[in-house]
Amino acid sequence: MSSASSSLPTSPGLASTFNPADIESALYQKWLKADYFTADAASTKEAFTMVLPPPNVTGVLHIGHALDQTLQDCLARMKRMKGFEVLWLPGMDHAGIATQNVVEKQLGAQGISRHDLGREAFVKKVWDWKAESGGAILDQMKRLGVSVDWSRERFTMDEGMSKAVLSLFKKMYDEGLIYRAERIINWCPRCLTALSDIEVDHQDDAGEFVQIKYGEGEQSIVIATTRPETMLGDGAVAVHPGDPRYKHLIGTKVLLPLVNRMIPIIADELVEQDFGTGAVKVTAAHDPNDFEMAMRHNIPFVVIMNEHGVMDGTGTEFDGMDRFAARVAVVAKLKEMGRVVSEKRPYIHAVGHCSRCDTTVEPRLSKQWFVKVAPLAKSSADAVRSGEVKIEPEALEPRYFEWIDNMHDWCISRQLWWGHRIPVWYGPNEEVKVIGPDEIAPDGWVQDPDVLDTWFSSGQWAFSTFGWPEKTADLAKFYPTSILVTGYDILFFWVVRMMMMSTFAMAGVAPFKTIMLHGLVRDQFGKKMSKSRGNVIDPIEFMDKYGADALRFTLARGANPGTDQALAEDWIGGSRNFATKLWNAMRFAMMNGANVTGPLPEISSLNAIDRWILSRLSKTLRDVESLLEKYEFARACEILYHFAWDDLCDWYLELSKEAFASNDKAASQRVLGHVLDQLMRALHPVMPFITEELWCTFTGGESLVNAQWPTSNTTHIDKSAEKLITALQEIVTEVRRFRNDQGIKPSQKVPGRFTGAADILAYSSALRFLLKLEDKEFTPTASLEIAGIKLDLDLTGSIDVVAERSRLEKDLVAAKKDMQTAEVKLDNASFMAKAPAQVVVEIKERLAKTTADIERLTSALATLK
RNA sequence: GGGUGCUUAGCUCAGUGGUAGAGCGUCUCGUUUACACCGAGAAUGUCGGGGGUUCGAAACCCUCAGCGCCCACCA
């Protein structure tokens, strides 16, 4: 450092440039060590319990999770500062299918399937992957400054959770809420296994679309199908109830060719009149939609294929043929019989394939376990309708009701290996028994091979993590939880399930008091992020580049309730700039002796600038408080941003520089210290790292996490100070415009002299400092009248008359327009009669002001040569 | 098909009855002793179209047109 720069005042403890990396790691360690977010910490208020959504088990922190975590941590820190006992319930391990899928894909890359590996070895592999990826996710979340009490986190699969899952299954079974029924599932005839939806890849295949005539003469109907071979298993023909072409046939029977069986013609809303012929064959045992229709109309299931996809039991010549060979043969035979009305080939349509071997998936009838949702859904819906649970923003409530009011029974069995095994055992004589947590299945009985849907266990999160079914102290204290913060995209999958499972298990008490829903993060053009599009924002990369605070502030600042946010790198850069601004403001304050020592000076003893910033601070804190209580993160951030940057940095610090350079500065130093102290506290939830660093360095305090949340002091709100500073701002802005128009460089000093209103003249030295006005004898060559004062200036030469005239004329036009608007209103009898008095007063004031402006501008123009 | 949103400055978005806003971008000037990740100034909108309610509409109602998301479906 040169001697010249070292002679400048320095701020102890703060580097001259802000580098987030220098402080982040150490501060996180500090928070972790102090165990700030454990529920056992001292508290003065009720517990604030939060349920965290689960991050994807991919080992990488996704930007969407970064948003989840940021908003949750933001609330946690604020509640903590308000004296609440804060407890997080981190949902780490819900994504059962996703987890299994990741591991299966890894195996697939090596040409291995889970069936090669066997159940036990496969499950072990998933556990290994979970340990690895879970650890990586935790490390990444720490970068965000999220301090969760991880001791509460329990893997879905561990003993405690398992006990809860088994207990709940048994309880629901015993109360008749779980039943077993037949359903169509995806089946791979090569792997000889059922496939979950995620294991089925849909491809556009070239198939055929054939129209076939059933029946004879008047009593006939033409159906259209892509799978002619399944006609051997038809149980009915369905048409739309309103279709005039077929109305007369509904309820009658028609002859099914080849098998020579009479089948009914039924009416069902599911049939589309405009598609194909408007008549569809119903093959209940080999198509999911047909299955549903068959259930509704009591149509028998006719199984025509075995597990290998070979025709079987039709009693026709086609038995023993592969399904695809049978397709050709059936069409050929029907053609021979003159029953093929038309054929379209190739016909491109989506067909499911086994994700492992690419074999075409065959829908197959099988027995599955179901949850009867009607009673559960009703209590979950009632909890929201009664106001017991609040959905924020309220606008998303219809979406919740739409789902929960129209829910079908929930199939909870999955043909997977990773998850809780269904606790049902089958005896040698087809006995069925649910085996609870403390029971043992009889010898010779076999357990159901399927596992439970991941949402069945994760739906229990809000109570099973507290040790349910035991009546634990935690459960009594923390249930129901205060809030769930998550994206609206998961409302249906997880939130609805948690509502149902919890209200059932916890005697009708819903799992949360508030469900706060945020939107999704999209790219800078509002497009969905996807790897293939290459527009994915990596939170780690941007934290490396701009700091965790910048990312968090950007996310919080974009979080308008329930709406998506577009996120661009530029925005994160802007937030980083804000952090740097705070850093430099604090440096300036510390260089100039700002402090928090002793009580604030008497308000009446302060100058108007100090009173003004205290007034602004009070209003800011008041607004931020009420916005955060409504989960309006974006607007709260916006207000803090503008208070810090505009009010504090651009105006207060600038207007006070003159005072800080003088001897009479003790009061201002204390006021500035107070403002920064309070601002750091209020910003801490959204920018934890930099505020912690600045505040601790500045005040010597231990940590903001344990500091008190700042409250608005309404006695500081000062209308007269605000009015005066508004006038000063107007003067400064006008003179700057004038200087700018006249081509005077910002640093160039100009002789100037104020006359006019005494309250403003009291601050003329501050104005002079800010506007670079010299205090010396001169002969005015220009003068400006603004806000009750007159400023004479010596431009040491002629002023640019053209520029000045154009500026004044522009102002005059604007003022005249404003005046006219006001006049029209005031001349309107209806307006005067009906508008509220307050509005009329405002318009009158506006008229008075514009009239005065016009007068001033007109005379200024007249004297301008 | 059912549901639900959106359309405001070049871009992304706030704004639920009283003179149209922010961030970024753009243009001009400037390194003044916190900060060029900065300061000062400036430009920029028939608030998607059309009706209606109202003294007054970006906001409320109707309608039309685009765009999006969720769910279902594609025989």
Side-chain angles (χ1 to χ4, degrees), chain A residues 8-9 11 14 16-18 209 223-227 230 238 269-272 275-277 279-283 287 289-290 293 349-350 395-396 398-399 401-403 406 488-489 491-492 519-520 522-528 546 550 554 557-558 560 562-568 570-571 573-592 634-635 638 641-642 649-650 653-654 657 661 732-733 736-741 743-749 769-770 772 814 817-818 821-822 825 828-836 838-840 842-843 846 850:
Chain A
L8 295 174
S11 64
L14 291 183
S16 61
T17 52
F18 170 50
F209 196 49
I223 58 92
T225 181
T226 53
R227 302 204 51 194
T230 62
E269 301 274 351
L270 201 66
V271 180
E272 259 182 72
F275 193 86
T277 60
V280 56
K281 59 200 271 314
V282 179
T283 319
D287 182 282
N289 302 312
D290 293 3
M293 278 196 280
H349 63 135
L396 288 176
R399 208 179 279 219
F401 291 127
E402 165 64 19
W403 275 328
N406 300 314
Y488 64 74
D489 57 327
L491 181 62
F492 179 67
L520 311 179
R522 321 193 75 111
D523 79 358
Q524 57 187 314
F525 304 113
K527 297 279 179 240
K528 203 171 180 173
Y546 299 102
T554 307
R557 194 187 189 185
N560 287 297
T563 58
D564 294 349
Q565 55 176 301
L567 186 61
D570 282 351
W571 294 30
S575 298
R576 186 267 320 266
N577 296 352
F578 180 52
T580 310
K581 190 75 179 175
L582 294 174
W583 186 273
N584 285 309
M586 186 61 90
R587 282 181 64 226
F588 174 83
M590 291 173 74
M591 285 175 195
N592 284 282
R635 289 172 66 191
E638 208 59 23
Y641 179 94
H642 287 292
C649 293
D650 288 349
L653 293 183
E654 295 302 327
K657 272 178 180 172
V732 169
T733 307
R736 280 172 175 167
R737 274 183 74 198
F738 175 76
R739 289 181 56 125
N740 209 286
D741 289 346
I744 300 167
K745 291 191 176 10
S747 57
Q748 188 185 327
K749 294 209 166 180
F769 183 87
L770 237 158
K772 298 283 178 297
K817 196 183 149 205
D818 285 351
T821 314
K825 288 207 174 197
N828 184 334
S830 304
F831 172 79
M832 296 302 285
K834 293 184 180 175
Q838 178 58 33
V839 174
V840 176
E842 277 171 27
I843 305 279
R846 201 181 302 155
T850 50

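So that the names make sense, note that chain A is the first sequence line, chain B the second, and so on, each numbered from 1. Source: prediction; values computed, not measured.
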Next on the checklist: Any base atoms under 4.0 Å from Trp403(A), or only sugar-phosphate, or nothing? Heavy atoms, all strands.
Outcome noted: sugar-phosphate

Checklist outcome for this item: Of Asp564(A) and Ala224(A), the one whose closest nucleotide on RNA chain B sits nearer the 5' end is Asp564(A)

Checklist entry - How is Ala566(A) classified with respect to the nucleic acid when contacts are heavy atoms under 4.0 Å: base, sugar-phosphate, or nothing? => result sugar-phosphate

Next on the checklist: Categorize Gln838(A) for me: base, sugar-phosphate, or nothing, with a 4.0 angstrom heavy-atom threshold over every strand shown.
Outcome noted: nothing

Item to check | Presence of Lys772(A) side-chain N/O under 4.0 Å of U33(B) phosphate oxygens OP1/OP2 | outcome: no

Checklist entry - Counting side-chain heavy atoms from C-beta on, which of A75(B), A34(B), G18(B) comes nearest to Ala585(A)? => result A34(B)

Item to check | Check: Asp564(A) side chain, Gly519(A) main-chain N or O, donor-acceptor pair, under 3.5 Å | outcome: no

Item to check | Side chain of Tyr488(A) (C-beta onward), nearest among C37(B), A34(B), C69(B) | outcome: C69(B)

Item to check | Asn560(A) CG to U8(B) C1', straight-line distance once rounded to whole Å | outcome: 15 Å

Item to check | Closest nucleotide among A34(B), A22(B), U12(B) to the Phe525(A) side chain | outcome: U12(B)

Checklist entry - Between Lys281(A) and Arg227(A), is a side-chain contact (heavy atoms from CB on, under 4.5 Å) present by the stated rule, with each step listed? => result CA-CA 10 Å; Lys281(A) 59 200 271 314; Arg227(A) 302 204 51 194; 5.6 Å; no

Checklist entry - Does the pair Val839(A) and Phe831(A) meet the rule for a side-chain contact (heavy atoms from CB on, under 4.5 Å), with working shown? => result CA-CA 10 Å; Val839(A) 174; Phe831(A) 172 79; 4.1 Å; yes

Checklist entry - Expressed as a whole number of Å, how far does the C1' atom of G15(B) sit from that of G52(B)? => result 24 Å

Next on the checklist: Within the 4.5 Å heavy-atom criterion, are Asn560(A) and Gln565(A) side-chain neighbours or not?
Outcome noted: no

Item to check | N/O (side chain, Lys745(A)) to phosphate O (OP1/OP2, G30(B)) under 4.0 Å | outcome: yes

Checklist entry - Where do Leu520(A) and Asp489(A) land on the side-chain contact (heavy atoms from CB on, under 4.5 Å) test, with the steps shown first? => result CA-CA 8 Å; Leu520(A) 311 179; Asp489(A) 57 327; 3.5 Å; yes

Below 3.5 Å is the cut-off: list the nitrogen or oxygen pairs between protein and nucleotides 3-7 of chain B, distance only.
from, atom 1, to, atom 2, distance (Å)
U4(B), O2', Arg399(A), NH2, 3.2

Next on the checklist: Between Lys527(A) and G68(B), is there a contact of a side-chain N or O with OP1 or OP2 at under 4.0 Å?
Outcome noted: no

Checklist entry - Between G18(B), C35(B), C70(B), which one does the side chain of Glu654(A) approach most closely? => result C35(B)

Checklist outcome for this item: Regarding the side chain of Ser747(A), the nearest nucleotide among U32(B), U12(B), A14(B) is U32(B)

Next on the checklist: In whole Å, I'd like the distance from the CZ atom of Phe588(A) to the C1' atom of U32(B).
Outcome noted: 12 Å

Item to check | Geometric cation-pi criterion Lys772(A) and Phe769(A), 6.0 Å radius, 45° cone | outcome: yes

Checklist entry - Think Asn577(A) has a side-chain N or O under 4.0 angstrom from the OP1 or OP2 of C38(B)? => result yes

Checklist entry - Thr821(A) near the nucleic acid: base, sugar-phosphate alone, or nothing, with a heavy-atom cut-off under 4.0 Å? => result nothing

Next on the checklist: Less than 6.0 angstrom from the centroid, inside 45 degrees of the normal: does Lys657(A) satisfy that with respect to the ring of Phe588(A)?
Outcome noted: yes

Next on the checklist: Both atom distances under 3.5 Å, Watson-Crick or G-U wobble: I'd like the secondary structure of RNA chain B as a dot-bracket string, with | for pairs made across strands.
Outcome noted: ((((((((.[[[[.)..(..]]]].(((((.......))))).....[[[[[..)....]]]]])))))))....

Checklist entry - Of Ile843(A) and Leu653(A), whose nearest nucleotide on RNA chain B comes first from the 5' end? => result Ile843(A)

Next on the checklist: By the 4.0 Å heavy-atom rule, please label Arg739(A) as base, sugar-phosphate, or nothing.
Outcome noted: nothing

Checklist entry - Does the base of A14(B) carry an N or O that pairs as donor and acceptor with the side chain of Gln565(A) under 3.5 Å? => result no

Next on the checklist: What's the closest nucleotide to the side chain of Trp571(A) if the choices are C55(B), G23(B), C37(B)?
Outcome noted: G23(B)

Checklist entry - With sugar-phosphate meaning primed atoms plus P, OP1 and OP2, does Lys817(A) contact a base, only sugar-phosphate, or nothing at under 4.0 Å between heavy atoms? => result nothing

Next on the checklist: Considering every strand and a 4.0 Å limit on heavy-atom distances, what is the contact class for Phe578(A): base, sugar-phosphate, or nothing?
Outcome noted: nothing

Checklist entry - When rounded to the nearest 0.5 angstrom, what is the spacing between CE in Met590(A) and CG in Leu14(A)? => result 5.0 Å

Checklist entry - Whole Å only: how far is the CE atom of Met586(A) from the C1' atom of A34(B)? => result 12 Å

Item to check | Heavy-atom protein contacts under 4.0 Å, nucleotides 40-46 of chain B, coded B base, S sugar-phosphate only, - none | outcome: BSSS---

Checklist entry - Just checking Asp818(A): base, sugar-phosphate only, or nothing, at a heavy-atom cut-off of under 4.0 Å? => result base

